[in-house]
Protein chains: 2
Amino acid sequence: MDVKVQNVGFLKMFSQTVEYALRAVVQLAYKAPEPCTTEQIAEATMVPKAYLSKVLQGLSRAGIVNSQRGIRGGMSLSKSPDELTILDVVNSVDPIQRIHQCPLGLKSHGANLCPLHRRMDESLATVEKAFASTTLAEILAEPNNSAPLCERVDQNPYVNLTTPRSPEN
Amino acid sequence: MDVKVQNVGFLKMFSQTVEYALRAVVQLAYKAPEPCTTEQIAEATMVPKAYLSKVLQGLSRAGIVNSQRGIRGGMSLSKSPDELTILDVVNSVDPIQRIHQCPLGLKSHGANLCPLHRRMDESLATVEKAFASTTLAEILAEPNNSAPLCERVDQNPYVNLTTPRSPEN
DNA sequence: TCAAAACAGGATACGGATGTCTGATTTAAT
DNA sequence: ATTAAATCAGACATCCGTATCCTGTTTTGA
């Protein structure tokens, strides 16, 4: 089972790095304005610590978070949660790549996308727009019986339930 | 220039494979019901021939296209262009992976996503919906001064115009 | 002053997506 | 039957995102 027949993978529209970055800033927003150490964030968000460190460095360079070294140091948001959008975070780490030109590089189409690529770009634009209009504060405030992120954890993750390709059986 | 400061890449929401598959079926729809050889499709869509072959094999297994070996053979759509949606194609090659459970694997949240992941999944759902409601026929029929795909080509492709991160210079 | 806490960043490893190549197989036309 | 045209299949090769490790640097507090 799980034969992986050839070039059939999964479309991860969001990279791991984006996922990790978002978890981190949500956690930071949750604790704001107190700083958190990378280790604390890593535990709360279940992200590999060493890699999270890299991601946070990126967010720091982009001005999303402040880093403070030494005892009592850590990471903190550089702005208030209601001034930071999801898009800010995503674009700091893995900028959404809109389709600005015909990917085939045809001169005749310039910025004038063919119907196919126009549809694709419209989808990208929709996501971009949704992300741009959502602040961290909104995520924290959301009425929901699940906490923004989560403290207590039991066990394992990521099962794929989509049954993406099962012709029969 | 082009320093690639660390873990800063680009969010390609759609894989190359998806892009190639879509180009191929659009081209096939354009020529339908005549079959096209892999080579013909590769030229028209500017996709590496050998790799396109793999992609088409996947589409064939998924029942999107029919393959016919031997002289006068080639690839052809297995359905009418107005019965094939973009989503059909995408899901045959790189199924869109919705978020069905908390990616942190928290038991307490089950299928009950936290606000962050709910927003992300909503974006995925939006894209999925848009793709599900677009047929190949619609793409061909679209009033547009750029042809669905393109025959004549001049030169090179894929420039990135987004200036994703340039703090200064 | 000094030691511990914390981030910074280079080197490296690993796996999957992307891409190439070659030979086998099928098919239609002659 | 033979041959040429085409797909099919698998073995590679390569690149990049992900992840780890390890050492250095900065900062704080006692």
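Reckoned from all heavy atoms, side chains included, excluding hydrogens, waters and symmetry mates. Just so it is clear: chains get the letters A, B, ... in the order the sequence lines come, proteins before strands, and each one is counted from 1. Source: prediction; values computed, not measured.
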message: I need the minimum non-hydrogen distance between B:V93 and B:A21, along with the two atoms involved.
response: CG2-CB, 3.9 Å
Min side-chain heavy-atom separation [X]-[Y] under 4.5 Å:
X: A:V25; Y: A:D88; answer: no
X: B:M75; Y: B:S67; answer: yes
X: A:V127; Y: B:T126; answer: no
X: B:V47; Y: B:E19; answer: no
X: B:F14; Y: A:L124; answer: yes

- request: Return no unless some side-chain N or O of A:T17 is found under 4.0 Å from OP1 or OP2 of D:dT18.
  value: yes
- prompt: Under 4.0 Å: is that the gap between some side-chain N or O of A:S67 and OP1 or OP2 of C:dA8?
  reply: yes
query: Side-chain donor-acceptor pair under 3.5 Å between A:D94 and A:S15, yes or no?
result: yes
- line: Result for 5'-nearest mapping on DNA chain D, choosing between A:Y20 and A:G73, is A:Y20
field: Closest-nucleotide ordering on DNA chain D, the 5'-leading residue of B:G74 and A:S15
entry: B:G74
Rounded interatomic separation in angstrom, taking [atom1] from [X] and [atom2] from [N]:
X: B:N66; N: D:dA6; atom1: CG; atom2: P; answer: 17 Å
X: A:Q57; N: D:dC21; atom1: CD; atom2: P; answer: 16 Å
X: A:Y51; N: C:dG9; atom1: OH; atom2: P; answer: 16 Å
X: B:E19; N: C:dT18; atom1: CD; atom2: C1'; answer: 14 Å
X: B:D94; N: C:dG16; atom1: CG; atom2: P; answer: 14 Å
X: B:E39; N: C:dC21; atom1: CD; atom2: P; answer: 14 Å
X: A:K49; N: D:dC22; atom1: NZ; atom2: C1'; answer: 12 Å
X: B:M46; N: C:dG19; atom1: CE; atom2: P; answer: 13 Å

message: Using a 4.0 Å heavy-atom cut-off, does A:T38 contact any base of the nucleic acid, only the sugar-phosphate backbone, or nothing at all?
response: sugar-phosphate
message: Base of C:dG10, side chain of A:K54 - is there a donor-acceptor contact under 3.5 Å?
response: yes
query: Between D:dT7, D:dT20, C:dA6, which nucleotide has the shortest distance from any of its atoms to the side chain of A:T37?
result: C:dA6
field: B:S60 side-chain proximity, nearest of D:dT18, C:dG19, D:dC8
entry: D:dC8
Protein and nucleotides 26-30 of chain C: nitrogen or oxygen contacts under 3.5 angstrom:
from   : atom 1 : to    : atom 2 : distance (Å)
C:dT27 : O2     : B:I71 : N      : 3.4

